[in-house]
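No experiment lies behind these values; they were computed from the predicted model shown.
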Protein chains: 2
Amino acid sequence: MFSLAEENYLKAIFHLQQESKGGVSTNAIAEKMSTKPSSVTDMVQKLAEKKLLSYQKYKGTSLTSKGSKIAAGVIRKHRLWEVFLVDKLKFHWDEVHEIAEQLEHIQSDELVARLDRFLGEPDFDPHGDPIPDKNGNIKTTEKKLLSELDKKQRGVCVGVKETKSEFLQYLDKRNITIGTKIRVLGKEFFDGSMIIQVGRDQFFISKKIADNLYIQTS
Amino acid sequence: MFSLAEENYLKAIFHLQQESKGGVSTNAIAEKMSTKPSSVTDMVQKLAEKKLLSYQKYKGTSLTSKGSKIAAGVIRKHRLWEVFLVDKLKFHWDEVHEIAEQLEHIQSDELVARLDRFLGEPDFDPHGDPIPDKNGNIKTTEKKLLSELDKKQRGVCVGVKETKSEFLQYLDKRNITIGTKIRVLGKEFFDGSMIIQVGRDQFFISKKIADNLYIQTS
DNA sequence: AAATATATTTAGACTTGGCTAAAAATAGTA
DNA sequence: TACTATTTTTAGCCAAGTCTAAATATATTT
Ligand SMILES: [Mn+2]
Ligand SMILES: [Mn+2]
Ligand SMILES: [Mn+2]
Ligand SMILES: [Mn+2]
């Protein structure tokens, strides 16, 4: 129905829309897609003609509900495949993203439905991100960044913002994964660094780490 | 490494090569790929430059060992995914081909290796076709078409030549699948039609049916 | 062997999705 | 407000892969 390029644009715009409420700028899209702003303008005009997003010259774009639905469908596939790769094929959670980038474009509603059932209709992917349902609705859970917690607060790790291998491997070394309980023992206000407790271990983390861990506080 | 179009050409030529020993003609490729001969000429020249096949103007082409290896790799992926779809997702054997046509282009050696292990390192796909090993070698088994059998001969169905839904659904209706024992009760030499026995049933089949069923005798 | 038919290649064009360089609009600053 | 910097768009070009129409080579008949 839609080309690989079109799906990738819709997905990128969808994600950018979540982060910063309001219209998405041409440059932001170009940045996210590692492409040039001029290429973005071309594609955005094409997608606007197809009513997948609304666009006004120089004003940025935002997805129509039709565009959002398609984007959510691609994200649904991406995350379901990631679950498959980790749960069934025993990939490590830092190895699956690139493969899912390819698998998310496989076109077959029946396949998605059966995959979902095969995996036990999971709600979250291996990185803690919610899996949109077949209608494109995403369950948003109240979660905050670890860096927003104060001294003595505690919570459960429910997701990662960054999914680069180096970060995920760091978390493994520290025995932090989805579901891990974390308590803030100390917080330095000058640089935002923290001392946290994970299981029996206590250690120092930088603000950059704390900025990339999602926590649910009871 | 290679584009989707390139992989599909290599696969088509590989299959054509098996059927008719000798060079593969431009028109045959165009036919199989549902494209125009002029498009085939373009691509074949490009693949020849990349040393994936040998080509002489007006003389047809044949894959180099490098080209064969790549084609076998794509076919390996196609057939492994078909096994996944049927064994794990419970698709029917007549529903999987189109989806496998997409999945066969996913690029990740690690994925193929893990999928293979997950599926129990199968030797055949749901249609009885052999799955090439990681080096591109295909185990060829001695099999003949049902239409080649004579009256009173018997054997086991080990594959189908045609994989269109209508044909596979016909076989289902007749309770014929991979592993089914078939005995030829009668054969009409005028049109090649047969009376065969399958389980307790005896029925008439046309030559066209008999031409698309692979049988292993002895 | 010449004529005809078929197969194949070439030439030129089109679409998709990129890019660079230049122009135009908007935002920021003095 | 006027100048400057940044963002965005336009214009023109390119590569991959496809097509149609025309040219050329090979195969088949007479
Ligand atoms: Mn991912
Ligand atoms: Mn993920
Ligand atoms: Mn198939
Ligand atoms: Mn098959």
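With respect to the salt-bridge test (charged N to carboxylate O, under 4.0 angstrom), the residues A:D109 and A:K134 do not qualify.
Out of D:dT9, C:dT8, D:dC19, the shortest distance to the side chain of B:Y58 is found at C:dT8. Distance from the side chain of B:N27 is smallest to C:dA7 among C:dC19, C:dA7, D:dT18. In the set D:dT9, D:dT18, D:dC19, D:dT9 carries the atom at the smallest distance from any side-chain atom of A:Y55.
Regarding contacts with the backbone of D:dA16, every side-chain N or O of B:Y9 stays at 4.0 angstrom or more from both OP1 and OP2. The side chain of B:Q45 contributes an N or O atom lying less than 4.0 Å from OP1 or OP2 of C:dT10. Between D:dA11 and A:S38, no contact under 4.0 Å exists linking OP1 or OP2 to a side-chain N or O.
Base engagement by B:T41 is indicated by at least one non-hydrogen atom pair under 4.0 Å involving a base atom.
Distance NZ (B:K57) to C1' (D:dT26): 14 Å, rounded to an integer number of Å. The nearest whole Å value for the distance from the CG atom in A:D42 to the P atom in C:dT15 is 15 Å. With rounding to whole Å, A:L4 atom CG is found 16 Å from C:dT15 atom C1'. Summarising the geometry, the separation between CD on B:E49 and P on D:dA16 is reported as 10 Å, rounded to the nearest angstrom. Look at CD1 on B:I29: it is 13 Å from P on D:dT18, rounded to the nearest Å. What separates CE of A:M43 from P of C:dC19 is a distance of 11 Å, to the nearest Å. Atoms CG (B:N8) and C1' (D:dT18) sit 14 Å apart, rounded to a whole Å. Protein atom NZ of B:K59 is 18 Å distant from nucleotide atom P of D:dT24, rounded to whole Å.
With hydrogens and angles ignored, no donor-acceptor pair under 3.5 angstrom links the side chain of A:S25 to the base of D:dT8. A donor-acceptor contact under 3.5 Å is not formed by the side chain of B:T26 with the base of C:dT9.
Checked against the 6.0 Å centroid threshold, B:F84 and A:F84 count as a close aromatic pair. Ring centers of A:H78 and A:H97: under 6.0 Å apart, within the cut-off.
Shown here is B:K69, whose NZ atom has no more than 12 heavy atoms of other residues, nucleotides or ligands within 6.0 Å.
B:E19 and B:H15 are not linked by any side-chain donor-acceptor pair at a separation below 3.5 angstrom, with hydrogens and angles left out of the test.
The nearest heavy atom of DNA chain C to A:S3 and to B:V40 marks one nucleotide each, and the one closer to the 5' end goes with B:V40.
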